Amino acid sequence: MIVKKHELFMAEALKEAQKAFEKDEVPVGCVIVHQGHIIARGHNQVEMLKDPTAHAEMLALTSATNHLGSKWLNGATVYVTIEPCSMCAGALVLARIKEIVYGADDPKTGACGSVFDIAHNTKLNHRIKVTKGVLREGCAEMLSEFFRKKRNEKNRV
């Protein structure tokens, strides 16, 4: 039952990643779920907004806190297509997210176990449950396709 729920919400995060892909942004998508309902969506908009903090998770986090009218997102689950970076993982800890569910590992900047482990850091005042690998293949393939396309464009110039 939980696996199907995770797959359902990750499929929604993948839809957000597709929006980023279509805008020539790194295809990362995120949804935030509270009490069984999606309360926020986000996809990378770093290039469009010319803002290095405009990651999918950060945009969804702002939307979710506005939706609930609180800086705390107790009981909420974040579904994101790639392992959050240190900025995003730190913000999710500060927001008191209950769980992070992600698709593809990020061996270069992942902060939920790959490079750092901010979500489980015992020196912080909040720890987050992490579930990884949900719809991993679809999440990883979209990222691979994006960067393949970028390399091909660069080689044509």
Side-chain angles (χ1 to χ4, degrees), residues 1-17 19-20 25-47 49-144 146-147:
M1 179 71 154
I2 289 175
V3 171
K4 293 293 182 194
K5 175 182 76 169
H6 285 339
E7 289 176 356
L8 172 76
F9 290 126
M10 187 61 73
E12 291 299 313
L14 273 165
K15 289 178 186 175
E16 289 298 312
K19 291 176 186 176
E25 297 272 358
V26 175
V28 177
C30 178
V31 297
I32 299 180
V33 175
H34 185 258
Q35 297 179 344
H37 301 283
I38 295 173
I39 62 167
R41 297 172 176 271
H43 57 275
N44 273 6
Q45 296 182 43
V46 172
E47 301 300 328
L49 298 176
K50 301 197 180 356
D51 178 354
T53 70
H55 290 197
E57 301 96 308
M58 299 297 284
L59 297 171
L61 188 60
T62 298
S63 180
T65 57
N66 286 334
H67 177 84
L68 294 179
S70 172
K71 64 181 178 181
W72 308 126
L73 295 176
N74 295 316
T77 300
V78 170
Y79 291 85
V80 61
T81 55
I82 193 169
E83 180 180 1
C85 70
S86 56
M87 173 184 66
C88 294
L92 296 172
V93 166
L94 293 174
R96 306 278 200 275
I97 291 289
K98 179 180 106 181
E99 183 175 8
I100 297 168
V101 179
Y102 72 85
D105 290 330
D106 185 348
K108 293 183 179 178
T109 64
C112 293
S114 290
V115 178
F116 304 106
D117 197 353
I118 291 172
H120 295 113
N121 189 316
T122 58
K123 292 182 180 182
L124 299 175
N125 63 347
H126 180 73
R127 279 161 286 300
I128 303 173
K129 177 182 178 187
V130 176
T131 302
K132 64 182 188 172
V134 175
L135 300 183
R136 176 188 324 237
E137 293 78 18
C139 295
E141 180 52 37
M142 188 178 298
L143 286 159
S144 294
F146 177 80
F147 287 112

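Computed from a prediction, not measured in an experiment: that's the story for all the values here. The analysis underlying the following values was restricted to heavy atoms, covering all of them including side chains, and did not include hydrogens, waters or symmetry mates.
- The shortest heavy-atom contact between Val115 and Asp106 is CG2-O, 4.3 Å.
- The shortest non-hydrogen separation linking Val31 to Ala13 is CG1-N, 4.0 Å.
- Contact record, Ser114 with Glu83: OG-OE1, 2.5 Å, taken as the closest heavy-atom pair.
- Rounding to the nearest 0.5 Å gives a distance of 13.0 Å between CG of Asn44 and NZ of Lys19.
- The SG atom of Cys30 sits 12.5 Å away from the CZ atom of Phe9 when rounded to the nearest 0.5 Å.
- Contact of the Leu73 side chain with the Thr65 side chain is registered, since non-hydrogen atoms from C-beta on lie closer than 4.5 Å.
- Side-chain contact between Thr81 and Pro27 is absent, with no heavy-atom pair separated by less than 4.5 Å.
- Taken from CD1 in Ile82 to SG in Cys112, the straight-line distance is 11.0 Å, to the nearest 0.5 Å.
- Residues that satisfy the side-chain contact (heavy atoms from CB on, under 4.5 Å) test with Leu59, not counting sequence neighbours, are Gln45, Ala54.
- Side-chain N or O atoms of Asp105 include none that pairs as donor or acceptor with a backbone N or O of Pro107 at under 3.5 Å.
- Judged as a side-chain hydrogen bond (donor to acceptor under 3.5 Å, both in side chains), the pairs with a partner in residues 27-42 (not counting sequence neighbours) are, in order, Glu12-Arg41.
- Partners of Thr131 by side-chain contact (heavy atoms from CB on, under 4.5 Å), not counting sequence neighbours, listed by chain and number: His6, Glu99, Val101, Lys129, Val134.
- Every residue meeting the side-chain contact (heavy atoms from CB on, under 4.5 Å) condition with Ala111, not counting sequence neighbours, appears here in chain and number order: Ser86, Ala89, Phe116, Ile118.
- With contacts defined as side-chain heavy-atom distances shorter than 4.5 Å, the pair Leu61/Leu92 qualifies.
- Pairing each heavy atom of Val46 with each of Pro52, the nearest pair is CG1-CA, 4.1 Å.
- Sequence neighbours left out, the pairs with a member in residues 52-64 that pass side-chain hydrogen bond (donor to acceptor under 3.5 Å, both in side chains) are Asp51-Thr53.
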side-chain contact (heavy atoms from CB on, under 4.5 Å) between Glu7 and Tyr79, intermediate numbers included: CA-CA 9 Å; Glu7 289 176 356; Tyr79 291 85; over 6 Å; no
Leu135 vs Leu14, side-chain contact (heavy atoms from CB on, under 4.5 Å): CA-CA, chis, key distance, verdict: CA-CA 9 Å; Leu135 300 183; Leu14 273 165; 4.1 Å; yes
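- In terms of the side-chain contact (heavy atoms from CB on, under 4.5 Å) criterion, residue partners of His126 (sequence neighbours excluded) are, by chain and number, Val93, Arg96, Ile128.
- Counting heavy atoms from C-beta on, the side chains of Ile97 and Thr77 never come closer than 4.5 Å.
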Chi angles and distances behind the side-chain contact (heavy atoms from CB on, under 4.5 Å) call for His120, Val130: CA-CA 9 Å; His120 295 113; Val130 176; 3.7 Å; yes
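- Counting only heavy atoms from C-beta outward, the side chains of His43 and Glu25 never approach each other to under 4.5 Å.
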